[in-house]
Amino acid sequence: MTAKPLLVLGLMSGTSADGIDIALAHISGAPPHLNAKLLAHTSTKFPIAVRKEILRVAEQHPISAGELSQLHFRLGEIYADAALAACKRFRVSPRRIAIIGNHGQTIFHQGKPTNYLGSLTASTLQIGEPSVIAAKTGITTVADFRPADIALGGQGAPLVPYADYLLYRDAKLGRVSLNLGGIANITVLPAGCKPSQVFAFDTGPANILIDALVAHFTHGRQRFDKNAHLATQGRTIPALIDELMRDPYLKQLPPKSTGREYYGHAYIQKLLALAKKHRAQPNDLIRAATIFTALSVVDALHRFVLPKHKIHQLIVSGGGAQNPLIQAQLSAALAPIQLLPSKEFNVPTDAKESFAFALLAYETFHHRPSNIPSATGAHSPAILGKISYALPR
Ligand SMILES: Nc1ncnc2c1ncn2[C@@H]1O[C@H](COP(=O)(O)OP(=O)(O)O)[C@@H](O)[C@H]1O
Ligand SMILES: [Mg+2]
């Protein structure tokens, strides 16, 4: 076991493609005595043209191999700049940072094997070339975490449960960690659980539908529904929400993961058609999508978690933790389960996932596995990611 404490930067840019969240963590020890402390966090935005291209590609619009290669390296530069800007902001010399853990930008995720050229294939692609990050920052970079899990028959997602287990498990309290990014995912931590008793899955959409509807109705002038301002002005149309709740994804058994491939453009077209059928105005539909987000999480808990485990607390993180309508719906539907923002555990809601990738990078750097097979469905533990080394200092 290496006891030497290290400073680690975690970088996360999720399906929302709103930008890069960066966490600075101080990590020491090894599980079960791993100590991780979040020291600081910040975020940067993607350049507008780059964001547009990420969304276009993630929606599976055609891209040539050459353009994909260029985007991959350009993102490497952007992540490196984000890491260096964060160091400046945190007043920490990059020379003091031992490792960067970068999730990368997902442009495709097919966790369940599907027929491809005559045989079953699962795959995932996170881009942002780590060699560029290591070269530009001088910091050894761990990236590309998901493929090792898929190679062992897992879905390559979710990976944050490892961090949830380290940060939130409790001997007496049953807890669920909920992250509301583009997609919503939960990690179930039964009271006194061992890693093999942890399970986790994507429950469905979080902000992805709300963001897309807001961008659609405002012709791109607004990117998201700040503080549920628009949804609050809409009416509740119960029949519309009921219809949304018939989404077959909700019934699918875990382990399961989803993304923009499913909750993308075609899904939004379906929502717009449903709105017409139910005579919903734009804000009514934004409200319905917001309530659907909350109720799909509630549905997953009732269907797959609460019948088996006593849960006392729901710990919420991600951008959706700042949406008051989602929070109100969750609180009302789940009482007496206590809703707590992750900041109550010293993890600011917008730093949770970047902090998690700092932890995962630290584990990989020390040759330790960090997938949770009961969460991803993998046959066995895997050391996640690939390492691009910087020259020794
Ligand atoms: N104040 C807020 N009110 C409502 N929604 C918010 C607010 N702040 C952030 N969000 C939502 O959170 C999303 C970003 O969440 P994030 O956790 O970064 O997701 P991802 O991991 O997919 O990038 C934004 O696109 C937006 O929809
Ligand atoms: Mg984000």
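Numbering of residues begins at 1 and proceeds along the displayed sequence. Just so you know, ligand 1 is whichever comes first in the structure, and atom 1 is the first atom listed for that ligand.
Around atom 13 (C) of ligand 1, the closest heavy atom drawn from Ile183, Thr106, Asn207 belongs to Asn207. Closest heavy-atom approach to atom 24 (C) of ligand 1 within the set Asp225, Asp211, Leu180, Asn179: this belongs to Asp211. When the options Ala231, Gly319, Gly320 are ranked by their closest heavy atom to atom 15 (O) of ligand 1, first place goes to Gly319.
Comment: Asp164 does not engage Arg175 in a salt bridge, judged by the lack of any side-chain N to carboxylate O separation of less than 4.0 angstrom. Residues Arg74 and Glu53 are not paired through a salt bridge, judged by the lack of any N-O separation under 4.0 Å between the basic side chain and the carboxylate.
Ring geometry for Phe46 against Tyr79 counts as perpendicular: the plane angle is over 60°, on a 0 to 90° scale with 30° as the lower cut. Ring pair Phe201/Phe304 is perpendicular by interplanar angle, where above 60° counts as perpendicular and below 30° as parallel.
Atom 20 (P) of ligand 1 has its closest protein heavy atom at Ser16 OG, 3.4 Å.
Without hydrogens or angle criteria, Ser16 side chain to Gly182 main chain gives a donor-acceptor distance under 3.5 Å. Counting only distance, with no hydrogens or angles, the side chain of Arg56 and the backbone of Pro62 share a donor-acceptor pair below 3.5 Å. Looking at Gln155, its side chain never comes within 3.5 Å of a backbone N or O of Thr376 through a donor-acceptor pair.
The shortest N or O to N or O distance between Ser13 and ligand 1 is not below 3.5 Å. Among the atoms of Lys226, none of the N or O lies under 3.5 angstrom from an N or O of ligand 1. Taking only nitrogen or oxygen atoms, main chain and side chain alike, Asn323 does not reach within less than 3.5 Å of ligand 1.
Of all atoms in ligand 1, listed by their number and element, those nearer than 4.0 Å to a heavy atom of Asn227 are 1 (N), 2 (C), 3 (N), 4 (C). Within ligand 1, counting atoms from 1 as listed, the ones closer than 4.0 Å to a heavy atom of Asp18 are 14 (C), 18 (O), 23 (O). Listed by number with element, the atoms of ligand 1 under 4.0 Å from a non-hydrogen atom of Arg223 are 25 (O). Atoms of ligand 1 lying under 4.0 Å from at least one heavy atom of Gly182, given by number and element, are 19 (O), 20 (P), 22 (O).
Residue Thr15 is tested with Thr258, Ile54, Ile183 for a side-chain contact (heavy atoms from CB on, under 4.5 Å); the sole match is Ile183.
With sequence neighbours excluded, no residue forms a salt bridge (Lys or Arg N to Asp or Glu O under 4.0 Å) with Asp18. When the salt bridge (Lys or Arg N to Asp or Glu O under 4.0 Å) test is applied to Glu77, the partners found at least two apart in sequence or on another chain are Lys136. For His312, the side-chain hydrogen bond (donor to acceptor under 3.5 Å, both in side chains) criterion is met by no residue, not counting sequence neighbours.
Around the Mg ion (ligand 2), protein N, O or S atoms at a distance under 2.8 Å total 1; waters are neither shown nor counted.
Residue-ligand proximity: Met12 is placed with every non-hydrogen atom at 4.0 Å or more from ligand 1.
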